[in-house]
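Structure first, commentary second.
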Amino acid sequence: MSEFKQVADIPGFAGKDIALRGWIHRTRGSKGIRFLVLRDSSGVVQCVVKEGAKGFEDAVKALMESSVELKGVVREDKRAPTGFEVDVTELKVVGFAENFPIRKDQSPELLLDQRHLWVRSRKLTDVFKIRSEVFGAIHEFFRERGFFEIQSPSLTKSACEGGSTLFEVKYFKEKAFLTQSWQLYAEALIAGLEKIYCIAPSFRAEKSRTRRHLAEYWHAEAEVAWIGQEGTLKLQEELISFVVKKVLEKRGGELKALGRDVKILEKVKPPFQRITYKEAVDMLRKDGMDFKEGQDFGIDEEKVLTNHFDKPFFVTDFPKKIKAFYMKESPDNPTTVLCDDCYAPEGYGEIIGGSVREESIDKLLENIKKEGADPKGYEWYLDTRKFGSVPHAGFGLGVERLVMWICGLDHIRDTIAFPRVMNRLYP
Ligand code: NSS
C-alpha cells in the first residue's frame, strides 16, 4: 500500500486518495455496506466500505478493535462529526480481534481489570496526551531557566517523608526502601549544580484508599541553592502557570473532548495568593468546621479552603510538629516552619509540597530523633551541612495530581496508564 497518512491529515486530502491504518473503533452495517469508525493515535473517522470494494467480506467479519489498513477517497460531509468520511476502495485486516471484553458503561473495577485494553479508549488517550504535554512542559520550564536535570536512586536506606508510607524491599542481605522523594540526595547535589530538577517515580505505601493517592506516582522535584521562601514560591507559581498555559495552547481539543471547562485554567497566572496555616484555620472555623489547630489538613479541610479561591494558592508556615524533619524552623516563630503546600482550586487540594531546608545540624538531629528515626542513616545528609552549607529550598509536585486537576478528573487513577493502588498490582 502507499504511504500511510493519519486521520488528522484528512482535511488536506478532500477529494483525494488516502491510505490509513488503525483500529476499528466501532462497526455497523446492513446488507451490502459497512460503516467502520477507524481510530489512530490522531483521531477517528468514519469509513464506508461497500460491497464490491476489495476486502469487503473481511470488513463484514472484522469485530471492533481489529487492526486494519485501508485505501480510499476522502469525501467532505458536513453531517459527519469530523466533517469528512472515507469511501474505501481497498481494505486489509492486519489482526482480527476477538470479542472485545469492554462494552459501554462498564464498572470501574472491570475497566481496571482490563486496563491493558482500556488504555486505548479515547478518554484515556486524551488524558495521556495531556499528561505527555505536562511532562514536556516541566522539562522545558526548568531547562529554559538553566536548571540541570539529575537523577537520584530509587533504592534508599532512609526515609525522607516519615516511616509510615515506606515500601520495604530486600536488597541483597540488607533491608532497603523505595524512595519517597529525591530530596535528600538533591540537597547534596546542589553544592555542585546549584539549580536542579528531576521527574521520577516516588513510592508511598499509602494505606488510605482515596481519589488522590497512588502507591507509585511521578514526582517533579526541584532544589535550588541560595533561595529562600520567596524564591521557591515564585518558582512554583511560575511552573504551574507555565504548564497550564502549554496545555491550553497545545491540547485544547483534548480538554474539550474531556468536557473540561477551561475558563478556570485560563486564569492561572502568577501571583498565587498566599495564606498562612493560621489564616487557613480561621477560614475553616468561619466556615463552620470543627478543626483542632495543630493538626494537618486532610482532603475535607483542603476542599473547604479551595472554595475561597479560583486559582491555585499557597498555604504556608505550618506547625513544626506536623511537618518533616528537614524543614527550616521559622526565625520569627520556632513553632512553625518555612514551608508551603500549593493547592489546586475546585476541590482538588494539594499538588505541591515545598520548604526552605533547615541548615542547623543540631536542629536536624533533634528533629530526626523526634521522628523516631535512626540518625546513623542520615550521617551523610548531615555532612552536607558541615561542608559549605548554603540557604536552599525546594519542592515536589505530584504530576498525577496536577494532571487530574488540569483534566478535571474525579479520580487520580485515570491520569496514569497502569495505576498502582493498594489493592491493585495487575495488569
Ligand atoms: O510529601 S510531599 O508533600 N513532599 C515531599 O515529598 C518533598 N520531599 C518534596 C520536595 O520538597 N522535594 O509530596 C510532594 C507532592 C505532594 O504535594 C503531592 O502532590 C504528591 O507529591 N504526592 C502524591 N501524589 C500521588 N499519590 C501519593 N500517594 C502522593 N503523595 C504525595
Side-chain angles (χ1 to χ4, degrees), residues 131 134 138 142 147 150-152 154 156 158-167 177-190 195-224 227 229 231-233 235-236 239-240 243 296-299 302 312-316 318 322-328 337-344 348-358 371 381 392-406 409 411-416 419-422 424:
R131 178 184 169 100
V134 168
I138 295 171
F142 284 118
F147 281 66
I150 178 111
Q151 292 74 28
S152 70
S154 292
T156 64
S158 35
C160 179
E161 298 302 324
S164 68
T165 63
L166 280 175
F167 274 112
F177 304 107
L178 296 180
T179 187
Q180 298 165 309
S181 164
W182 82 326
Q183 182 191 321
L184 305 187
Y185 297 99
E187 289 186 60
L189 287 160
I190 53 161
K195 291 166 32 166
I196 55 174
Y197 82 99
C198 80
I199 314 181
S202 275
F203 303 88
R204 308 271 168 118
E206 301 280 1
K207 280 162 207 99
S208 52
R209 282 194 214 167
T210 77
R211 289 169 182 276
R212 58 179 194 158
H213 285 99
L214 292 166
E216 176 178 2
Y217 72 97
W218 284 75
H219 206 168
E221 297 186 85
E223 196 71 29
V224 188
I227 66 167
Q229 194 164 34
T232 175
L233 292 178
L235 197 62
Q236 292 170 49
L239 170 65
I240 299 296
V243 172
D296 208 353
F297 299 141
I299 186 60
E302 292 181 19
F313 62 100
F314 295 111
V315 182
T316 65
F318 280 72
I322 55 168
K323 285 294 182 184
F325 74 92
Y326 53 72
M327 293 186 178
K328 188 175 173 68
V337 279
L338 296 179
C339 72
D340 69 274
D341 281 357
C342 180
Y343 292 174
Y348 282 90
E350 184 186 339
I351 54 174
I352 295 182
S355 65
V356 179
R357 318 308 192 186
E358 183 58 78
E371 280 196 3
Y381 176 72
H392 62 289
F395 61 86
L397 161 71
V399 182
E400 285 79 14
R401 297 249 180 116
L402 177 61
V403 173
M404 181 182 171
W405 166 60
I406 289 178
L409 302 177
H411 205 296
I412 198 166
R413 64 181 165 226
D414 283 343
T415 62
I416 186 163
R420 292 290 169 250
V421 289
M422 196 178 156
R424 191 162 288 279

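Read the numbers this way: they start at 1 and go in the same order the structure lists the ligands and their atoms. Please read all numbers here as calculations on a predicted model, not as lab measurements. Numbering starts at 1 and runs along the sequence shown. Values reported hereafter were calculated over all heavy atoms of this structure, with side chains retained and with hydrogens, waters and symmetry mates removed.
- Remark: ligand 1 atoms within the under-4.0 Å shell around heavy atoms of I352 are 17 (O).
- Near Q183, meaning under 4.0 Å from one of its heavy atoms, ligand 1 places the atoms 7 (C), 8 (N), 10 (C), 11 (O), 12 (N).
- Put simply, OH on Y343 and CZ on F297 are 5.5 Å apart, with the number rounded to the nearest 0.5 Å.
- Of the polar atoms of I351, at least one N or O is found under 3.5 Å from an N or O of ligand 1, judged by distance alone.
- Salt bridge present: R357 and E223 bring a charged side-chain N and a carboxylate O closer than 4.0 Å.
- R420 places none of its side-chain heavy atoms less than 4.5 Å from the side chain of L214.
- Using a 4.0 Å cut-off to heavy atoms of Y326, the atoms of ligand 1 that qualify are 7 (C), 8 (N).
- Residue-to-ligand polar distances place G398 within reach of ligand 1: an N/O pair is separated by less than 3.5 Å.
- Side chain of Y348 to backbone of L409: a donor-acceptor contact under 3.5 angstrom is found.
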Does the pair W182 and H219 meet the rule for a side-chain contact (heavy atoms from CB on, under 4.5 Å), with working shown? CA-CA 9 Å; W182 82 326; H219 206 168; over 6 Å; no
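- Contacts between M404 and ligand 1 below 4.0 angstrom, taking non-hydrogen atoms only, are absent altogether.
- For ligand 1, the atoms sitting less than 4.0 Å from at least one non-hydrogen atom of E206 are 28 (N), 30 (N), numbered in the order shown with element in parentheses.
- Looking only at protein heavy atoms, the nearest one to atom 17 (O) of ligand 1 is E350 OE2, 2.5 Å.
- When the options Y343, Y217, F203 are ranked by their closest heavy atom to atom 29 (C) of ligand 1, first place goes to Y217.
- Geometrically, ligand 1 and E223 share no nitrogen or oxygen pair separated by less than 3.5 Å.
- The shortest heavy-atom distance from R212 to ligand 1 is under 4.0 Å.
- The nearest non-hydrogen atom to atom 11 (O) of ligand 1, considering only Q180, R357, R420, E221, comes from R357.
- Here the heavy atom of the protein found nearest to atom 18 (C) of ligand 1 is R401 NH1, 3.5 Å.
- Between P419 and R424, the closest side-chain pair of non-hydrogen atoms is not below 4.5 Å.
- Within the 4.0 Å heavy-atom cutoff, E400 does not count among the residues contacting ligand 1.
- With R401 contributing its side chain and I352 its backbone, the two residues share no donor-acceptor pair below 3.5 Å.
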Run I138 and V243 through side-chain contact (heavy atoms from CB on, under 4.5 Å) and show every step you take. CA-CA 7 Å; I138 295 171; V243 172; 3.9 Å; yes
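- By the criterion of a heavy-atom distance under 4.0 Å, the side chain of E161, and not its backbone, is placed next to ligand 1.
- Summary of contacts: the protein heavy atom closest to atom 6 (O) of ligand 1 is R204 NH2, 2.9 Å.
- Remark: of the listed residues R204, E206, Q180, Q180 is the sole one forming a side chain to side chain donor-acceptor pair (under 3.5 Å) with T165.
- Nearest protein heavy-atom contact of atom 15 (C) of ligand 1 is G396 O, 3.5 Å.
- With hydrogens and angles disregarded, a donor-acceptor distance shorter than 3.5 Å links the side chain of E302 to the backbone of E350.
- The minimum heavy-atom distance linking Q229 with C339 is given by the pair NE2-O, 3.2 Å.
- R211 contributes atom CZ, which lies 11.0 Å from atom CG of D414 (distance to the nearest 0.5 angstrom).
- At a 3.5 angstrom cut-off on N or O pairs, C160 does not count as close to ligand 1.
- For atom 26 (N) of ligand 1, the nearest non-hydrogen atom from the set L214, L402, T232, T415 belongs to L214.
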